[in-house]
Amino acid sequence: MAAPGARSRSLAGLLPAQTSLEYALLDAVTQEEKDGLVYQYLQKVDGWEQDLSVPEFPEGLEWLNTEEPISVYKDLCGKVVVLDFFTYCCINCIHLLPDLHALEHTYSDKDGLLIVGVHSAKFPNEKVLDNIRSAVLRYNITHPVVNDADASLWQELEVSCWPTLIILGPRGNMLFSLIGEGQKEKLFLYTSIALKYYKDRGQIRANKIGIKLYKDSLPPSPLLFPGKITVDHVSNRLVIADTGHHRILVIWKNGQIQYSIGGPSPGRKDGIFSESSFNSPQGVAIMNNIIYVADTENHLIRKIDLEAEMVSTVAGIGIQGTDKEGGAQGDEQPISSPWDVVFGRSGSEVQSDNILWIAMAGTHQIWALLLDCGRLPKKNELKKGTCLRFAGSGNEENRNNAYPHKAGFAQPSGLSLASEDPWSCLFVADSESSTVRTVSLKDGAVKHLVGGERDPMNLFAFGDVDGVGINARLQHPLGVTWDKKRNLLYVADSYNHKIKVVDPKTKNCTTLAGTGNASNIIGSSFTESTFNEPGGLCIGENGQLLYVADTNNHQIKVLDLETKTVSVFPVFRSENAVVDGPCLAEKPKTLPKLPKSAPGIRLSPVAASPGQTLQFKLRLDLPSGTKLTEGASSCWFLSAEGNEWLLRGQIPSGEIESISNQPTISLRIPGDCLSLEAVLSISVFLYYCSADSSACMMKGILFSQPLQITDTQQDCIPPVELKYIF
């Protein structure tokens with residue numbers, strides 16, 4: 001079906017009629033009245049001489065969650081369509097997704113409804129399809145998404161902000177627009193009446209749209225989009241927000257999981273570990289066997305008691321709040337998308353941490369939860385359990401001010417505390433302004449540290465530039481952590497795929513690790529290693545190690561700040577781990593993939609005849625002072641690309657349990673050989689850690705053994721030694 005002649009292609013053409021409708025709806029009392037008004041509006045809009053037509057999706061755009069590109073005037077003919085103009089970093093767009101999920105559960109394409117996400121990026125990093133693909137998985141988006149990287153549809157329709165919804169009729173005719181979050185009632189009202197109106201006229205088609213979900217093609221992974229990480233300095237453990245699995249992991253430094261709490265599906269339930277659930281948790285903080293969790297998409301702060309093995313709610317009511325002041329008891333106080341948490345004290349005379357600082361991304365503020373009685377700067381004494389705003393007006397701005405309530409943040413997403421003088425401040429990763437800011441613990445003054453620009457309304461001052469203060473450029477930083485030993489601040493510069501370091505005294509900001517490319521390479525140095533939207537980080541081992549939640553690589557990376565090396569932190573379950581949360585069914589064992597940086601050794605060719613057995617003896621040496629990680633599956637495995645016949649009937653893999661008693665690998669040359677030449681690949685994957693288990697690494701090596709197959713019976717072939725010193 002060809003697109004009809006257009007009356008106008010911008011949203012402005014809808015404005016007069018829809019404004020009149022919305023004023024009339026304000027006076028409507030009953031649902032029947034509201035339904036009638038919308039029905040009459042549709043009669044009017046549908047009777048226009050020319051449709052207000054949406055343009056066709058341009059050819060060549062990249063699509064996700066579909067079998068093939070979608071056409072407005074072919075595939076969507078006969079459907080009521082909701083176009084969701086969004087960008088995946090935007091907290092308002094994230095807030096809208098539950099409304100869209102609910103709409104999809106109410107009406108399907110068989111009912112005549114389809115939602116199409118139109119991703120129109122703010123940041124350059126968000127134009128990359130792989131990054132959008134990760135966001136689609138992370139936020140469980142199951143409808144088609146098109147990458148409008150050049151914002152051609154956005155500009156042609158004169159869309160002005162994120163998120164914007166446009167509801168189309170079955171001819172591609174624009175019916176309604178909804179701007180911003182919090183429009184669920186209107187969204188359901190308009191779509192339900194539009195479906196009824198066009199069904200009454202026989203214009204709705206029940207054909208299915210070819211959906212192919214990206215998430216269905218993914219292999220299993222121990223971690224899925226880990227968002228934040230923290231160290232328990234007392235018990236030698238890490239706490240990881242395994243965000244994509246909707247769970248919290250407590251892990252020993254050797255990689256063994258001690259507790260898995262929540263997951264794999266989202267939920268909102270307190271109680272014993274085996275029954276509790278979370279929804280995309282982010283920030284975590286641990287003290288005295290108590291973990292506080294920013295349960296982001298539940299709009300809650302949760303408390304995990306590791307001794308009692310119980311989860312409870314300490315702030316939030318489970319639905320998104322709009323209150324920008326607070327002051328109620330935590331479990332009665334609505335909050336909005338908490339993204340990070342960190343402990344603090346209400347005064348220098350207080351002996352223990354009695355405040356939980358909260359990066360409240362949803363209202364663009366910094367909040368406080370009183371864990372005990374105390375006072376905030378310029379506040380009276382507050383009761384235990386009080387939850388209230390500390391800094392930020394609630395306006396989305398990059399505004400610094402000596403008065404904390406007049407300052408403005410833009411989706412603060414990471415916090416770290418430097419309680420000691422002369423700093424005495426909170427560091428804030430303010431993602432949408434691409435800045436790092438400070439909030440004084442003495443008077444609440446909000447000041448600029450690095451990134452952004454002087455105009456508080458300009459949230460587009462981003463880039464990737466090392467420099468001083470305002471001359472430095474970041475791109476959507478999500479995490480910060482304070483190194484008390486060196487008086488330095490580390491920043492997860494998420495959309496630049498880098499870790500940066502800031503000297504708060506000089507405001508100098510430089511790249512510490514990462515190339516700027518979104519990939520997963522463990523290089524020989526910090527600057528050769530790569531990340532993919534790292535979201536959180538923390539300091540451990542008295543300042544020696546920097547743990548990084550490498551979010552889109554589904555890994556925790558470990559940066560040794562003394563040796564300047566990078567490794568991957570292993571995560572695995574042992575038989576005696578206490579894993580109480582509901583877990584996914586065990587999937588078939590998959591062999592690990594060697595890092596790109598793994599060395600390769602090509603061995604001298606060996607001649608063998610059919611039926612002969614070759615033996616390969618592992619002779620691997622670990623660095624001095626290290627040992628194999630207990631419980632981790634160090635292993636070897638065989639492959640023969642293009643000559644898979646060589647492995648028929650063989651034992652293709654095995655474990656390496658001891659470095660002092662390494663296995664011998666056997667291979668029997670098949671009696672029926674399909675080639676006279678082949679290359680056998682022997683890959684070895686080792687987990688090892690320092691003797692005190694303070695740092696763990698994964699290393700690999702590839703041995704390539706050329707084989708020459710001959711009918712001449714060979715003498716006994718001596719074992720081939722596979723030697724390597726790590």
Side-chain angles (χ1 to χ4, degrees), residues 219 520-525 528-529 565-568 570 572 589-624 626-629 632-671 673-689 696-710 714-726:
N520 190 15
I521 297 173
I522 306 297
S524 59
S525 67
E528 293 177 356
S529 298
T565 57
V566 181
S567 60
V568 176
F572 58 91
K589 181 180 178 182
T590 56
L591 296 172
K593 190 174 182 180
L594 284 171
K596 291 183 179 179
S597 59
I601 296 178
R602 191 170 181 87
L603 304 168
S604 299
V606 169
S609 55
Q612 274 195 305
T613 297
L614 304 179
Q615 290 189 323
F616 301 90
K617 289 189 173 182
L618 289 176
R619 295 288 185 265
L620 307 173
D621 288 328
L622 297 179
S624 176
T626 63
K627 61 180 181 178
L628 285 181
T629 304
S633 297
S634 295
C635 61
W636 57 267
F637 53 95
L638 306 178
S639 59
E641 187 174 352
N643 289 285
E644 286 75 10
W645 56 267
L646 192 61
L647 302 181
R648 290 178 193 153
Q650 312 284 354
I651 299 175
S653 64
E655 294 192 356
I656 303 171
E657 297 179 352
S658 169
I659 207 70
S660 61
N661 185 22
Q662 299 178 41
T664 297
I665 302 166
S666 296
L667 177 86
R668 184 179 182 274
I669 303 297
C673 296
L674 302 183
S675 174
L676 296 180
E677 292 185 346
V679 175
L680 175 71
S681 297
I682 306 166
S683 302
V684 181
F685 204 81
L686 289 183
Y687 294 84
Y688 64 90
C689 54
C696 295
M697 283 148 274
M698 288 193 300
K699 296 288 184 180
I701 184 170
L702 174 65
F703 295 95
S704 298
Q705 176 63 74
L707 299 175
Q708 298 171 348
I709 312 299
T710 174
Q714 301 296 304
D715 294 333
C716 183
I717 303 174
V720 178
E721 292 196 339
L722 306 179
K723 293 183 177 180
Y724 189 76
I725 300 173
F726 285 95

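Predicted model only: the values in this text are computed from it and were never measured. Reckoned from all heavy atoms, side chains included, excluding hydrogens, waters and symmetry mates.
- The side chain to side chain contact (heavy atoms under 4.5 Å, CB included) search around S524 returns E528, not counting sequence neighbours.
- Here the CG-OH distance, from L686 to Y724, works out to 11.0 Å after rounding to the nearest 0.5 Å.
- A heavy-atom distance below 4.5 Å is not found between the side chains of I725 and L622.
- To the nearest 0.5 angstrom, R602 atom CZ is 6.0 Å from S704 atom OG.
- Between the Q612 side chain and the I669 main chain, no donor and acceptor come within less than 3.5 Å of each other.
- In this structure, the side chains of I656 and C635 stay at 4.5 Å or more apart for every pair of heavy atoms.
- Of the possible polar contacts, none joining the T613 side chain to the L667 backbone as a donor-acceptor pair under 3.5 Å is found.
- Qualifying side chain to side chain contact (heavy atoms under 4.5 Å, CB included) partners for E644, counting only residues two or more places apart in sequence or in other chains: none.
- Taken to the nearest 0.5 Å, the CD1 atom of I521 stands 8.5 Å off from the OG atom of S529.
- When every heavy atom of G700 is checked against every heavy atom of P599, the shortest pair comes out as O-CD, 3.2 Å.
- Side-chain contact check for F685 versus I701: every heavy-atom pair is 4.5 Å or farther apart.
- Counting heavy atoms from C-beta on, the side chains of W636 and P663 come closer than 4.5 Å.
- With sequence neighbours left out, E721 forms a side chain to side chain donor-acceptor pair (under 3.5 Å) with K723.
- Residues that satisfy the side chain to side chain donor-acceptor pair (under 3.5 Å) test with S660, not counting sequence neighbours, are S658.
- Of all the heavy atoms in P610 and I709, the pair that sits closest is CD-CG2, 4.1 Å.
- Between L646 and L638 there is no side-chain heavy-atom pair separated by less than 4.5 Å.
- Atom CZ of R668 and atom OG of S666 lie 12.0 Å apart (nearest 0.5 Å).
- Nearest heavy-atom pair, S634 versus L628, reported as atom, atom and distance to 0.1 Å: OG-CD2, 3.8 Å.
- Side chains of F726 and D621 form no contact here, defined as non-hydrogen atoms less than 4.5 Å apart.
- What you find for S525 and V566 is that their closest heavy atoms are O-CG2, 4.4 Å.
- Residues Q705 and V720 have side chains in contact (heavy-atom distance under 4.5 Å, counting atoms from C-beta outward).
- Looking at heavy atoms from C-beta onward, Q662 lies in side-chain contact with L620 at the 4.5 angstrom threshold.
- In this structure, L618 CG and L722 CG are separated by 5.5 Å, a value rounded to the nearest 0.5 Å.
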Report, one line per pair, each donor and acceptor closer than 3.5 Å where one atom sits in a side chain of residues 673-681; sequence neighbours left out.
residue	atom	partner	partner atom	Å
S675	OG	E677	N	3.2
S675	OG	E677	O	2.8

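- Under the side chain to side chain donor-acceptor pair (under 3.5 Å) criterion, E657 pairs with no residue, sequence neighbours left out.
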